[in-house]
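Here is how names work: the chains are called A, B, and so on, in the same order as the sequence lines, proteins then strands, and each is numbered from 1.
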Amino acid sequence: MPELPEVQSVVDELAARLPGRTFTGGSDLLWAPVVGHPDPEGFGERLEGRTVSGVRRRAKYIIIDLDDGQVLVVHLRMTGRLHFAAPDEAADRHLRARLSLDDATELRFADMRKFGRLYLGPVAEIEAVTALGALGPEPLEPAFTASLLGARLAGKRGPIKSALLDQSVVSGLGNIYADEALFRAGIAPRRAAGSLTEAELSALRDGIVATLSEAVERGGTSFRNYLSVAGRRGSNMPNLRVFRRDGESCLRCGTVLARTVVGGRGTHWCPGCQQ
DNA sequence: CGATTCCCCTGATAGC
DNA sequence: TGCTATCAGGGGAATC
C-alpha cells in the first residue's frame, strides 16, 4: 500500500532515469480502464512524441512533467507498480499498460487489484478529475507546523484517525503511517479530531514528520506488495511500532496492542499509552 | 457542508 | 486437503 514514503521512492527512481526520454508510438493499454483521463482511445496519441522534463510527487500522486505543459499522472492506489522493461520481456498477468520510450525500453504499469490509474492532460484538467486539486499540505515541508495542523483539524468531530486519512486535511498519510503517527503522539485513534490540545497537536505534527521521514530514509514499507521501480522492497517494516502488531506488547508501556475498526479502516494502537 | 457508507478488485487468509 | 466466505484498503461517489 504505497503511501507518501513509498511514492517518494518510486519518484526518486523515476527521476533518475526518465527526464529527457521521449514517449514513442506503440504504447499499449492491456486493460483500457487503467486510464482515468482522457478517454483511453486518445491516450497513446496524446502521449506520443512528448519528452519528459521532470518527475515529482504531490501527496500520493506521481507527476511526470512533459515538454508541452501536459502531465502524465500515476496513482498506484493499493497494488500499482511501475517498472522499466525491454519490449520483448514477458508480461506478467497483472500488466495493465506499456508505455514505449525512445531508448528501446518501456515503462510498464502493473496492478493486481486494478485500482491504480494513469491520467494525461494539462494540470488543470487532472486537478478537476482527481483529488489533486483539493489536497491538504505536504507534511514533510517546513510549512507543516502544529498550528497549521490545528487549523486543518479545527471543528472536526470525527475521529482523528479518519481525519489523518483525509487527503484534503493532510496529504500523503495512509493507514500504516496514520496509526504509527498517532502512536508516537500518544493519541487514541477515536479522539475527536478537533479536540486535540496544543501539546497534542505539537506531538502529532512531530509524530507525522518523524514517522514519514524515517520511512522515506528506509525506502518505504513493504508489507506484502510494495516494490520500488527497481524491484526493491522497502526496509521500514522493522520500524513499525503498532501496525499489524496487535496481540504483541507495546514497546513503550508493555500493554497488549489492540486492533479495532475506525472509519471502516483497520486501526492498530496501544490502549495503555494512547489517550 | 461534514460525516458515513458503499464500491471497485483479487490474492491471501480463516474457517469448516 | 480443498473448498468457500471474508478481509484488506485509497479514494471517489452516493447518501445521510
Side-chain angles (χ1 to χ4, degrees), chain A residues 1-11 29-37 40 57-63 73-82 92-97 109-119 125-136 138-139 151-182 189-196 208 212 215 220-227 233 237 240 242-247 259-269:
Chain A
M1 355 171 174
E3 307 177 26
L4 185 155
E6 293 76 32
V7 176
Q8 187 64 54
S9 297
V10 169
V11 164
L29 301 177
L30 291 85
W31 185 68
V34 73
V35 176
H37 183 86
R57 180 190 63 73
R58 176 74 175 100
K60 302 174 195 171
Y61 292 88
I62 298 160
I63 303 177
V73 174
V74 182
H75 200 302
L76 303 172
R77 292 287 182 95
M78 304 296 298
T79 56
R81 189 182 164 224
L82 288 168
D92 80 82
R93 56 183 303 206
H94 303 304
L95 189 62
R96 308 302 176 200
F109 182 74
D111 184 18
M112 178 182 84
R113 303 274 285 276
K114 297 183 174 177
F115 286 171
R117 290 292 181 274
L118 311 179
Y119 307 89
E125 259 180 56
I126 312 302
E127 287 180 342
V129 298
T130 68
L132 202 52
L135 290 170
E138 283 288 332
R152 311 291 303 184
L153 297 174
K156 290 193 171 295
R157 297 165 172 276
I160 182 64
K161 164 75 185 275
S162 300
L164 292 182
L165 293 178
D166 183 342
Q167 302 297 298
S168 70
V169 173
V170 188
S171 63
L173 287 166
N175 210 36
I176 296 175
Y177 299 114
D179 283 359
E180 293 294 315
L182 285 169
R190 284 186 208 281
R191 283 282 301 285
S195 75
L196 304 192
I208 291 169
L212 292 177
T221 304
S222 290
F223 221 90
R224 44 174 85 157
N225 294 301
Y226 168 71
L227 293 175
R233 293 171 58 84
M237 209 160 84
L240 302 181
V242 288
F243 190 78
R244 299 263 176 110
R245 293 193 68 240
D246 46 301
R259 182 185 186 281
T260 181
V261 175
V262 177
R265 291 290 177 258
T267 297
H268 314 76
W269 65 297

Answer yes or no: does a side-chain N or O of A/K60 lie under 4.0 Å from OP1 or OP2 of C/dG11?
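Result: yes.
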Within the structure, does a side-chain N or O atom of A/R244 lie under 4.0 Å from either OP1 or OP2 of C/dC7?
no
Distance, rounded to the nearest Å, where [X] contributes [atom1] and [N] contributes [atom2]:
| X | N | atom1 | atom2 | result |
| --- | --- | --- | --- | --- |
| A/M112 | B/dC9 | CE | P | 14 Å |
| A/L4 | C/dG10 | CG | P | 13 Å |
| A/H268 | C/dC7 | NE2 | C1' | 12 Å |
| A/R77 | B/dT10 | CZ | P | 15 Å |
| A/H94 | B/dC9 | NE2 | P | 15 Å |
| A/R96 | B/dC8 | CZ | P | 16 Å |
| A/K114 | C/dG11 | NZ | C1' | 19 Å |
| A/D179 | C/dG10 | CG | P | 10 Å |

With a 3.5 Å cut-off and sequence neighbours excluded, list the donor-acceptor pairs that the side chains of residues 152-159 of chain A form with protein atoms.
| residue | atom | partner | partner atom | Å |
| --- | --- | --- | --- | --- |
| A/R152 | NE | A/V169 | O | 3.3 |
| A/R152 | NH2 | A/S168 | O | 2.6 |

Closest to the [X] side chain: [options]?
| X | options | result |
| --- | --- | --- |
| A/R93 | C/dG12, B/dG11, C/dG10 | B/dG11 |
| A/H75 | B/dC9, B/dG11, C/dG10 | C/dG10 |
| A/T130 | B/dC9, C/dA8, C/dG12 | C/dG12 |

Answer yes or no: is there a donor N or O on one side and an acceptor on the other, between the side chain of A/D179 and the main chain of A/H268, under 3.5 Å?
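Present.
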Is the backbone N or O of A/P33 less than 3.5 Å from a side-chain atom of A/R117, with the two atoms forming a donor-acceptor pair by type?
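It does hold such a pair.
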Applying side-chain contact (heavy atoms from CB on, under 4.5 Å) to A/R190 and A/T260, what does each step give before you reach the verdict?
CA-CA 10 Å; A/R190 284 186 208 281; A/T260 181; 2.5 Å; yes
For a quick check of understanding: with a heavy-atom distance under 4.0 Å over all strands, which category does [X] fall into, base, sugar-phosphate or nothing?
| X | answer |
| --- | --- |
| A/R117 | nothing |
| A/G266 | sugar-phosphate |
| A/Y119 | nothing |

For A/V262 and A/S162, work out which heavy atoms get closest and say how close.
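Smallest heavy-atom distance, with atoms named: CG1-OG, 4.1 Å.
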Heavy atoms only: give me the nearest A/P2-A/R77 pair and the separation to one decimal.
CD-O, 2.9 Å
Are A/K60 and A/E6 within salt-bridge range, i.e. N to O under 4.0 Å?
no
Give, ordered by number, those residues of residues 151-170 of chain A having at least one heavy-atom distance below 4.0 Å to an atom of DNA chain C; if nothing qualifies, reply none.
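Output list: A/Q167.
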Need to verify one output field. Residue with the more 5' nearest nucleotide on DNA chain B, A/F115 or A/G263?
A/G263
